[in-house]
Q: 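There's a structure below that I have some questions on.
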Amino acid sequence: MMSGLLSQLRIGALDLPNRVVMAPMGRARSGPDRAPGEIVARYYVQRATSGLIVTEASSVSPMSVSRPGTSAIYDAAQVAGWRLVTDRVHAAGGRIFQQLYHLGRKADHTRMPGGAPIVAPSAIACHGKIVGANGPVDFAVPRALKTSEIAGVVGEFRDAIRNARAAGMDGVEIHGANGYLIDEFLRDGTNRRTDRYGGDIANRARFLMEVVEEAVAIFGADRVGARLSPHFGVDGIADSDPAGTFRYIARELGARRLAYLHVIEAVVPGTPHSPPEMKPLLPALRDAFDGPLMANGSYTREAAEAAIAEGQADLVSFAALFIANPDLVERFRRRSGYNAADPTTFFKGGAAGYIDYPALDAVPDGGPRIRTRKEERRG
Ligand SMILES: Cc1cc2nc3c(=O)[nH]c(=O)nc-3n(C[C@H](O)[C@H](O)[C@H](O)COP(=O)(O)O)c2cc1C
């Protein structure tokens, strides 16, 4: 049986035609109501030949707010916007999970509704600056969530998970990576709580597990994934024992029989996701998690093939390569070259640098042209 990057794989309830996953990427193209529209649907449809699309991180709460154009899934207009996306992706033969998050201490305090404070497990500010409503400013010191408030935030995740299902998503990915609210709970550098959500790792993981259990109750474990970034630390998030912390979490997620675990660990050392001083954790997490493992972080086709061949991962997700190459799977198949991504358009809004990267079979009348799987079957 074929087991390479372009071979089929069943994960949870889904049969994937290949193991090339579109990694979650915020692109700031939603409307002022934080609902995706036509242009967003077109962007995802162009990438529907991937084994699985994981959407941009979508906020579960109006209190999780950042730059304009970021998407959310807490109200009816947003559900309608995402329904447009899922209907079109499914019509093109694709599969799509929604990534769900709360920004926590990385929310933009200059844009909070009613001037509400930003929140986190503990009152420790994120390092670095944010581009606020009036230009770059330091992150604000968050207010520590009261124990009695945490059920309400889990409830926002629950409502968002229900909304994702109403919007026709095939499943959800719980975003426990990159220093956002869930990650802030997981690590002892940002979680100094003394209640049942802080202290030992079982307590620090409680918030993530409560969210995951809501997702499992709504979608079934076979339609739920989770994302972790054990090495990430550029924003000052840190843990005194990343190996112990993330091994525990991987084991607990495996016990819940999730569809997959998504681990960001760059194959190129020296990136924010793989500092040279840290020992790679992917093998330990592979052992600890009982289920399909999705690897991410500066993978090339060759590195991804090697990771799968050596059993380090079952699937690989690609971010930057998917921005510029909507037909990445076909490019892998043909071993062709790639378009280069233009970082100045990553969050710029509009069609340029979003839906105008040409596919290999681009037709001259404009607009990338990708054969749907139905067309492929017709030959
Ligand atoms: C423009 C952009 C937006 C991103 N947004 C998200 C996001 O919403 N959620 C997330 O988990 N990671 C996000 N990431 C990180 C990517 O998913 C991925 O982990 C990272 O780019 C490394 O993968 P790559 O080397 O294949 O690009 C983003 C990356 C880029 C370039």
Side-chain angles (χ1 to χ4, degrees), residues 5 19-30 34 36 40 43-44 47 50-60 64-67 69-73 82 96-104 106-107 131 160 172-184 186 208 225-235 237 260-275 282 294-304 307 313 315-325 328-329 331-332 338-349 353-354 357:
L5 187 58
R19 296 146 186 247
V20 180
V21 176
M22 179 181 173
M25 278 177 285
R27 302 299 312 278
R29 259 71 173 191
S30 283
R34 308 186 75 183
V40 179
Y43 164 76
Y44 283 113
R47 288 151 182 84
S50 55
L52 176 68
I53 291 169
V54 183
T55 71
E56 63 210 72
S58 300
S59 278
V60 302
S64 173
V65 60
S66 60
R67 71 177 86 230
T70 57
S71 73
I73 182 78
W82 283 111
I96 182 166
F97 270 37
Q98 186 154 33
Q99 193 191 48
L100 299 177
Y101 81 154
H102 188 304
L103 284 147
K106 291 174 93 162
V131 183
V172 286
E173 178 176 286
I174 305 303
H175 192 353
N178 297 353
Y180 299 110
L181 184 63
I182 292 175
D183 205 9
E184 292 159 20
L186 296 178
L208 167 63
R227 194 171 214 220
L228 302 173
S229 56
H231 296 308
F232 183 78
V234 285
D235 59 3
I237 194 162
Y260 65 87
L261 176 64
H262 195 172
V263 178
I264 316 175
E265 182 179 356
V267 289
V268 179
T271 69
H273 290 289
S274 199
L282 199 66
M294 186 186 295
N296 170 259
S298 57
Y299 278 85
T300 57
R301 180 185 65 77
E302 294 82 354
L315 315 96
V316 177
S317 74
F318 301 86
L321 274 174
F322 254 118
I323 290 180
N325 300 280
L328 188 62
V329 175
R331 285 170 192 264
F332 283 170
Y338 307 115
N339 301 317
D342 172 9
T344 64
T345 57
F346 281 5
F347 307 112
K348 200 174 176 187
Y354 190 54
Y357 285 105

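Atoms within a ligand are numbered from 1 in the order they appear, just like the ligands themselves.
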Q: Checking a contact table here: which protein heavy atom is nearest atom 5 (N) of ligand 1, and how many Å away?
A: G26 N, 2.9 Å
Q: For atom 31 (C) of ligand 1, what is the closest protein heavy atom, and at what distance to 0.1 Å?
A: F346 CE2, 4.0 Å
Q: Relative to Y354, does R29 satisfy both conditions: NZ or CZ under 6.0 angstrom from the six-membered ring centre, and within 45 degrees of the ring's axis?
A: yes
Q: With rounding to the nearest 0.5 Å, note down the distance linking CG in L321 to OH in Y338.
A: 6.0 Å
Q: So do the side chains of T70 and R34 get within less than 4.5 Å of each other, counting heavy atoms only?
A: yes
Q: Do E56 and R27 make a side-chain contact, defined as non-hydrogen atoms from C-beta onward lying under 4.5 Å apart?
A: no
Q: Using a 4.0 Å cut-off to any heavy atom of N178, which atoms of ligand 1 qualify?
A: 10 (C), 11 (O), 12 (N)
Q: I264 versus ligand 1: do any nitrogen or oxygen atoms come within less than 3.5 Å of each other?
A: no
Q: Starting from atom 25 (O) of ligand 1, locate the nearest protein heavy atom and write down its residue, its atom name and how far away it is, to 0.1 Å.
A: S298 N, 2.6 Å
Q: Distance under 4.0 Å to a non-hydrogen atom of A23: what atoms of ligand 1 satisfy this?
A: 17 (O)
Q: Starting from atom 26 (O) of ligand 1, what is the nearest protein heavy atom, named by residue and atom, and what distance separates them?
A: A319 N, 2.9 Å
Q: Nearest non-hydrogen atom to atom 6 (C) of ligand 1 belongs to which of P24, A320, S58?
A: P24
Q: Taking only heavy atoms of F318 into account, list the atoms of ligand 1 that are under 4.0 Å away from them.
A: 26 (O)
Q: Heavy atoms, side chains only, cut-off 4.5 Å: are V21 and Y260 in contact?
A: no
Q: Of all the non-hydrogen atoms in the protein, which one sits nearest to atom 9 (N) of ligand 1, and at what distance?
A: Q99 OE1, 2.9 Å
Q: For S64 and S59, which I'm curious about, is there any donor-acceptor pair between the side chains at under 3.5 Å?
A: yes
Q: Does some side-chain heavy atom of L186 sit less than 4.5 Å from a side-chain heavy atom of L228?
A: yes
Q: Before signing off on this row, confirm whether H175 and ligand 1 have an N or O atom pair separated by under 3.5 Å.
A: yes
Q: Can you report which non-hydrogen protein atom sits closest to atom 23 (O) of ligand 1, along with the distance?
A: N296 ND2, 3.2 Å
Q: Give the ring-plane orientation class for H175 versus Y101, where under 30° counts as parallel, over 60° as perpendicular and anything between as tilted.
A: parallel
Q: With respect to atom 12 (N) of ligand 1, which of E56, R227, H262 exhibits the smallest heavy-atom separation?
A: R227
Q: Quick one: nearest non-hydrogen protein atom to atom 30 (C) of ligand 1, plus distance?
A: M25 CG, 3.9 Å
Q: Backbone or side chain, does any N or O of S317 fall under 3.5 Å from an N or O of ligand 1?
A: no
Q: With a 4.0 Å cut-off on heavy atoms, is F347 in contact with ligand 1?
A: yes
Q: Any heavy atom of G297 sitting closer than 4.0 Å to ligand 1?
A: yes
